[in-house]
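Each remark here refers to the structure printed beneath this line.
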Amino acid sequence: METFQLLSGSGVHFNKSKYEKDVRLFTKAKPRAGHALRDDPSSHEIPAELDFFKYSRNTTGKRKYSSSSGQSVEKRRRIDEEDEEGDDVEEDLNEGSHRQKDSEVSPEKHRVTSKGRDIPEAVDTFEVLQEEYHIPSHIYQNLSKSGYKHPTSIQSHAVPIILKSRDLAAISPTGTGKTLSYLLPVMATLQAPISSIKDVTEFGVRALVIAPTRELAHQIHNECLKLAQGRKWRIVLFSKATAATLADKNVRDKVDVIISTPLRLVASLQAGSLDLRNVRHLILDEADRLLDAEFLSQIQELVAACSHPNVQKVVFSATLPAGAEKVAMDMLRDPIRVVVGLKDTPLPLIQQSLTYVADDQSKLPSLLTYFSKPYNPPVLVFTSTQPRASSLAEELTMNGIPNVDCLHAGMTKKERDDSVSRMRHGQCWILVSTEVMARGMDFKGVREVINYDFPTSIQSYVHRIGRTGRAGREGKAVTFFTDEDAPFLKSIANVILQAGQSVPDWILKLPKPSKMKRKAMGKVKRPEVVNNARKIGRQDAIKRRDMIAGSKRRKAKATGGATQRISEGVKNPRVEEGGSG
DNA sequence: AAAAAAC
């Protein structure tokens, strides 16, 4: 870390002979999983390596020295190969201006592509940002207090755009600082807390952040509080409890920012205990998730409720499939679209691999073997269903693997909070979870992600493995696949290729899944629990957990009106031409 | 394609 700061700090005073030793240390350590980089999990420092944008601007010695590292050569080789294939025409816009002759991080790989009218210029540093856009000094101080020193690419580009009150669709890889990209400009424009404003036309919530899971909303809330320190803004993490207090209009009108999941807002809106007419900034985090079938009608209702004529709408994600992008763009007004790197592509820092496990029965032994060898905790393990998450966590624990936790939405709020907390405090070594943890969660220490069950979409894959390799650290992602997963193997393999890594030849030679096979896939029943027939005596515990999860679901189905409609809609079989392809 | 998640 230290050497990195020397290299990426002020280039003007860089003294080669003085720091030569550090440089060597750095370049040697780098190819071997970057030991020099990952010693301080609490640091928010963004290594220059992650900072694609600044690479194309800086003209100091740093490029020269680090370009001698083995990894750089490797990266350049990969890029060359890709260029030969001539893929990806879409990302060609800004190429010329950002190109560097001897840059070790390829601008092709990480270039920033912006589309739209009158795009504000990107800013290189927080200092320039403060001078040009008059970021309030307390916010600026809170930034440095939290350890943010240099903006990442997406921050450099998105912050000025949001400060200029423009609508924005921002796509940037996992772990590249998207949250701060919207929180910083929104908080910077809030100015005085609403409670202190005498103007009677000013009332109620001024900024609204929507996220798909409670845990993510919670995490965004924490970030927001850090940024807001020293000011009397009311920043509310919306829950049943806080929603109740907002039923009082006097309380409600003194709220500056709400961070919430969609359905909670819809419920309050319909109960008449929430007024979004004064919202000036509406942010959708994990936008593609929020715009998919199950959430869409809720989001549309919320967007409609934010009826102020000057409401600014901003959407962020690491992935944005064409269908979701169209919905998003139709929602935005005169939008700017910013893409960092390649869309739907994981960071090259994540070492990805595919492991063949034949069938479901073979998964547990494979995982036990995996954990019998040295591994780097904490590890995140993904399963396809809640019962499988529960039972796998049990199996691992029974087999003597220490500090295994489980987290899925069938658990109580308290259980979920406790799991997250143990994870944040390093008490949990292996967290077995469902898709609920796939997006946005920032556990800085996560070194390894294991897809125990095959992800059900490319987006899911990209987000799941994006729980590691965050903020410039390296990470490792292992994906188990069985014979049944074969039809979808090739698309994941292509994602790995796109990230600049290799996959076995035979996978690439797999045929595209036929319609028949796809149909068959739909009929394959996933085993209910992990290794269900083998462990007698623990079945009761497993069943109990599953029953708890099941009863919660049934209860949910019985109560939620909006939910009911949506899930029915999903069950309707889709006609073939209806799909986006 | 398909489970999960949202109250």
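Lettering of chains follows the sequences in order, A, B, ..., and the numbering in each one begins at 1.
A:Asn222 places no side-chain N or O within 3.5 Å of a backbone atom of A:Leu225 that could act as its donor or acceptor partner.
For A:Met411 and B:dA6, the CE to P distance is 12 Å, given to the nearest whole Å. Protein atom CG of A:Leu284 is 16 Å distant from nucleotide atom C1' of B:dA5, rounded to whole Å. Atom-to-atom, CG of A:Leu296 to P of B:dA4 comes out at 21 Å; the value is rounded to the nearest Å. One can place CE of A:Met441 at 13 Å from P of B:dA5, the figure rounded to the nearest angstrom. For the pair A:Gln298 CD and B:dA6 C1', the computed distance is 6 Å after rounding to whole Å. The distance from atom CG of A:Asp288 to atom P of B:dA4 is 19 Å, rounded to the nearest whole Å. Distance A:Glu286 CD to B:dA4 P: 19 Å, rounded to the nearest Å. Spacing between atom NE2 of A:His463 and atom P of B:dA4 amounts to 18 Å, rounded to whole angstrom units.
Of the candidate nucleotides B:dA4, B:dC7, B:dA6, B:dA4 has the atom lying nearest to any side-chain atom of A:Pro387. The side chain of A:Thr385 approaches B:dA4 more closely than any other nucleotide in the set B:dC7, B:dA4, B:dA6.
By the 4.0 Å N-to-carboxylate-O rule, A:Asp360 lies close enough to A:Lys363 to be salt-bridged with it. Using a 4.0 Å cut-off between charged side-chain N and carboxylate O, A:Asp418 and A:Arg416 make no salt bridge.
Base engagement by A:Ser457 is indicated by at least one non-hydrogen atom pair under 4.0 Å involving a base atom. Residue contacts shown for A:Pro212 are limited to sugar-phosphate atoms, with no base heavy atom under 4.0 Å away. In this structure, A:Arg439 reaches neither bases nor backbone, as no heavy-atom distance under 4.0 Å exists between it and the strands shown.
A:Arg289 contributes a side-chain N or O that forms a donor-acceptor pair with the base of B:dA4 under 3.5 Å.
Scored by the salt bridge (Lys or Arg N to Asp or Glu O under 4.0 Å) test, A:Arg214 finds no partners at all (sequence neighbours excluded).
Taking 4.5 Å as the limit, some side-chain heavy atom of A:Gln312 sits within range of a side-chain heavy atom of A:Val314. A heavy-atom distance below 4.5 Å is not found between the side chains of A:Val205 and A:Val257.
Contact between the side-chain N/O atoms of A:Arg416 and the OP1/OP2 oxygens of B:dA4 is not found at any separation under 4.0 Å. An OP1 or OP2 oxygen of B:dA3 is reached within less than 4.0 angstrom by no side-chain nitrogen or oxygen of A:Thr434. For A:Thr261, no side-chain nitrogen or oxygen approaches OP1 or OP2 of B:dA5 to under 4.0 Å.
For the segment residues 235-245 of chain A, the set of residues with a heavy atom within less than 4.0 Å of an atom of DNA chain B is empty.
Contact between A:Ile492 and A:Ser457 at its shortest, heavy atoms only, is CD1-O, 4.5 Å.
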